[in-house]
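Let me begin by presenting the structure, written as structure tokens, before commenting on it.
Sequence positions, counted from 1, serve as the residue numbers for this chain.
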Amino acid sequence: MAAVLTSRTDTLSKYMKLDQKGNIMAEYIWIDATGATRSKSRTLKEQEWTPENLPTWNFDGSSTGQAPGENSDVYLKPIAVFSDPIRLAPNILVLAECWDHDGTPNKFNYRHECAKLMEAHAVHEPWFGLEQEFTLLDLSDRPYGWPVNGFPAPQGEYYCGVGTGKVVQRDIIEAHYKACLYAGINISGTNAEVMPAQWEFQVGPCEGIAMGDHLWVARFLLYRISEEFGAKVSVHPKPIPGDWNGAGLHSNFSTKEMRVEGGMKHIESAIKKLEGRHQEHIAVYGEDNDKRLTGRHETGAIDTFTWGVANRGASIRIPREVGVKGYGYFEDRRPASNADPYRITGIIMETVFGSVEE
């Protein structure tokens with residue numbers, strides 16, 4: 001497999017170096033009905049492109065679960081532009097929102113409502129950081145590095161591990177990290193997780209709606225790069241049954257009031273509000289989260305809200321450093337790895353600061 005991939009890469013590279021004659025390739029990216037990314041390419045003239053001057057495009061929504069066949073056009077409205085680490089400059093990645101023919105946001109467009117909440121409460125300068133866990137699978141849906149029949153040794157040596165037998169597919173992780181940096185994504189780090197073939201990358205801090213934008217493009221690049229290595233990505237919170245940690249999308253959150261001396265009272269006030277809407281949050285924090293939030297393996301129970309300092313078995317964790325200083329941020333450990341970042345950040349803002357009047 002490695003030799004075949006190398007040969008294909010060498011063949012492709014000579015075409016990627018060809019002159020584009022004053023044109024660029026723009027890869028439009030959107031989120032479909034299942035919470036997966038889709039994309040397609042179009043040619044544009046080389047110039048400074050922004051969300052404001054990029055053309056609106058469309059796609060067949062009946063093929064993505066976003067529209068009926070008899071009225072299938074869904075519009076792509078550009079909302080963020082990133083450098084393209086696959087095709088390189090001057091080519092670009094264009095993240096787009098999905099809108100219906102009648103001028104309303106598509107029902108799977110969770111960004112629209114999130115953006116309204118972020119704008120309404122912008123005075124609080126909300127910062128988010130998301131920790132995306134995922135599992136790399138082979139083409140038979142088996143985690144890389146696992147025995148064909150059976151399971152690897154119990155977790156313990158894999159977290160932040162180094163060396164053969166402890167980590168697998170680090171080349172994908174390194175490629176993704178560099179690609180995110182080139183694209184302009186605010187990726188802040190990466191590490192191997194507690195289950196072999198499970199990894200994590202962190203994006204943030206990002207202010208407001210940029211959190212969801214950066215996380216979605218980072219996800220797109222992870223899938224796109226894994227495709228080149230012949231690997232599959234799973235963001236299911238429990239891709240393999242057994243006594244393993246599930247995969248989450250932990251959300252770190254702070255406001256300008258929380259980040260200064262005396263901020264702990266604002267942190268505790270926000271946590272009390274989160275407690276009062278625990279089930280509403282769980283409802284949008286990802287599919288099959290009950291398989292992960294069991295009260296074991298550094299998780300809280302799905303039907304119980306708890307919080308504490310340095311407690312990774314709680315719903316909300318206040319880092320030890322924050323507890324000592326008395327200001328900073330808190331971590332919501334409830335979201336599953338397949339949750340939509342717009343829904344996570346949006347409901348946190350709604351719970352802490354209130355809904356937006358229509």
Counting only N and O atoms by type, is there a donor-acceptor contact under 3.5 Å from the side chain of Gln155 to the main-chain atoms of Pro196?
no
So salt bridge (Lys or Arg N to Asp or Glu O under 4.0 Å) across residues 38-60, not counting sequence neighbours, yields Asp32-Arg38
Ser251 (side chain) donor-acceptor with Leu130 (main chain) under 3.5 angstrom
no
### N/O donor-acceptor pair under 3.5 Å between Lys256 side chain and His124 backbone
no
message: For a quick check under 3.5 Å, do His266 and Thr255 share a side-chain donor-acceptor pair by atom type?
response: no
Closest non-hydrogen atoms of Val167 and Arg170, given as atom of the first, atom of the second and distance, are CG2-NH2, 3.4 Å
Any side-chain donor-acceptor pair under 3.5 Å between Tyr342 and Asp213? yes
- Item | Contact check, side chains of Gln132 and Leu215, non-hydrogen atoms, under 4.5 Å | yes
Between Tyr144 and Gly230, the two heavy atoms sitting closest are OH-O, 3.3 Å
message = More than 12 heavy atoms of other residues, nucleotides or ligands under 6.0 Å from CD of Gln279: yes or no?
response = yes
- prompt: Is any side-chain heavy atom of Ile172 closer than 4.5 Å to a side-chain heavy atom of Phe229?
  reply: yes
Original post:
So does Lys273 have more than 12 non-hydrogen atoms from other groups sitting under 6.0 Å from NZ?
Top reply: yes
Q) Do Asp332 and His250 have side-chain atoms, one donor and one acceptor, less than 3.5 Å apart? A) no
Notebook entry, point to check: Is there a chain of hydrophobic side chains (I, L, V, M, F, W, Y, each step under 4.5 Å between heavy atoms) that links Trp49 to Leu95?
Noted result: no
May I ask you to check whether Phe134 and Trp199 place their ring centers less than 6.0 Å from one another? no
Exercise. Honestly curious: do Ile271 and Met264 fall in one hydrophobic cluster under the side-chain, below-4.5 Å linking rule?
Worked result: yes
* Show your reasoning for whether side chain to side chain contact (heavy atoms under 4.5 Å, CB included) applies to Val81 and Leu93. => CA-CA 6 Å; Val81 180; Leu93 304 177; over 6 Å; no
Smallest heavy-atom separation, Pro335 atom then Asn289 atom, equals C-ND2, 4.3 Å
Return yes if a side-chain donor-acceptor contact under 3.5 Å exists between Glu131 and Asn252, otherwise no.
yes
Go through the steps for Ile209 and Cys114 under the test side chain to side chain contact (heavy atoms under 4.5 Å, CB included), then give the verdict. CA-CA 7 Å; Ile209 197 64; Cys114 180; 3.6 Å; yes
query = Passes side chain to side chain donor-acceptor pair (under 3.5 Å), Glu97 versus Asn109? Steps please.
reply = CA-CA 6 Å; Glu97 279 191 11; Asn109 177 357; 3.1 Å; yes
Regarding Glu27 and Ser41, do their side chains bring together a donor and an acceptor under 3.5 Å, going by distance alone?
yes
Heavy-atom side-chain contact between Ser39 and Tyr28 under 4.5 Å: no
Does a donor on one side chain and an acceptor on the other come within less than 3.5 Å for Thr351 and Arg277? yes
Query - Thr190 (side chain) donor-acceptor with Glu200 (main chain) under 3.5 angstrom - result: yes
Is there a donor-acceptor pair under 3.5 Å between the side chain of Ser72 and the backbone N or O of Pro68?
no
request  = Evaluate the ring pair (Phe, Tyr, Trp, His ring centres under 6.0 Å) criterion for residues His101 and Tyr75: first the C-alpha distance (whole Å), next the side-chain angles of each, then the deciding distance (0.1 Å), finally the verdict.
outcome  = CA-CA 7 Å; His101 67 96; Tyr75 294 101; 8.3 Å; no
Q. Does a sphere of radius 6.0 Å around CD in Glu125 hold more than 12 heavy atoms from other residues, nucleotides or ligands, not counting ones at 6.0 Å or beyond?
A. yes
Quick check: does any side chain N or O of Ser337 sit under 3.5 Å from a backbone N or O of Val235, one acting as donor and the other as acceptor?
yes
With heavy-atom distances below 4.5 Å as the criterion, would you say the side chains of Asn53 and Pro78 are in contact?
no
Query - Met25 with Ile86, same ILVMFWY side-chain cluster at under 4.5 Å - result: no
Item to complete: Look at the side-chain heavy atoms of Ile, Leu, Val, Met, Phe, Trp and Tyr, link any pair under 4.5 Å apart, and say whether Leu137 and Leu222 land in one connected group.
Response: no
*NZ of Lys325: more than 12 outside heavy atoms within 6.0 angstrom?*
yes
Do Thr304 side-chain atoms and Ala301 backbone N/O form a donor-acceptor pair below 3.5 Å?
no
*So Phe82 and His214, would you call those rings parallel, tilted or perpendicular, with 30° and 60° as cut-offs?*
perpendicular
Checklist entry - Are Ile29 and Tyr182 linked, directly or through other ILVMFWY residues, by side chains that come within less than 4.5 angstrom of each other? => result no
Q) Counting only heavy atoms not in Asn149, do more than 12 fall under 6.0 Å of its CG? A) no
Between Val284 and Ala339 the two heavy atoms that sit nearest each other are O-CB, 4.3 Å
Review point. Does the side chain of Leu76 come within less than 4.5 Å of Thr56's, by heavy atoms?
Key: no
- Hey, mind stepping through Phe253 and Trp127 against ring pair (Phe, Tyr, Trp, His ring centres under 6.0 Å) and telling me if it holds? CA-CA 6 Å; Phe253 174 69; Trp127 290 4; over 10 Å; no
Exercise. Verify whether one side chain among Asn91 and Gln20 offers a donor that lies under 3.5 Å from an acceptor in the other.
Key: yes
Review point. Should the heavy atoms of other residues, nucleotides or ligands under 6.0 Å from CH2 of Trp216 be counted, would the total exceed 12?
Key: yes
- Run the salt bridge (Lys or Arg N to Asp or Glu O under 4.0 Å) check on Glu228 and Arg224 step by step: do they pass? CA-CA 7 Å; Glu228 295 194 7; Arg224 179 64 180 80; 2.9 Å; yes
Problem - pair Val322-Tyr327: side-chain heavy atoms closer than 4.5 Å - result: no
When rounded to the nearest 0.5 Å, the distance separating CZ of Phe128 from OG of Ser254 is 8.5 Å
- Using the ring of each side chain (for Trp, its six-membered ring), is His281 parallel, tilted or perpendicular to Tyr285, with breaks at 30° and 60°? perpendicular
Q. What do you reckon, is OH of Tyr223 surrounded by more than 12 foreign heavy atoms closer than 6.0 Å?
A. yes
Closest non-hydrogen atoms of Glu133 and Gly248, given as atom of the first, atom of the second and distance, are OE1-N, 2.6 Å
Decide, yes or no, whether a salt bridge links Asp288 with Lys238 under the criterion of side-chain N to carboxylate O below 4.0 Å.
no
The salt bridge (charged side-chain N to carboxylate O under 4.0 Å, His left out) partners of Asp100 (sequence neighbours excluded) come to none
So CZ of Arg219 and CD1 of Ile31: to nearest 0.5 Å the spacing works out to 9.0 Å
CD (Glu207) with more than 12 external heavy atoms under 6.0 Å
yes
So, does Ser188 use its side chain to make a donor-acceptor pair with the main chain of Gly204 at under 3.5 Å?
yes
Heavy-atom closest pair (Pro205 atom, Asn186 atom, distance to 0.1 Å) is O-ND2, 2.6 Å
Check: Under the 3.5 angstrom rule, does the side chain of Trp99 hit a backbone N or O of Val74 as a donor-acceptor pair?
Finding: no
Query raised in the report: Can you check whether Ile302's main-chain N or O pairs, donor with acceptor, with His278's side chain at less than 3.5 Å?
Result: yes
Do Glu113 and Lys116 pass the salt bridge (Lys or Arg N to Asp or Glu O under 4.0 Å) test, and can you show the C-alpha distance, the side-chain angles, and the key distance before you say yes or no?
CA-CA 5 Å; Glu113 290 300 319; Lys116 290 198 296 186; 3.1 Å; yes
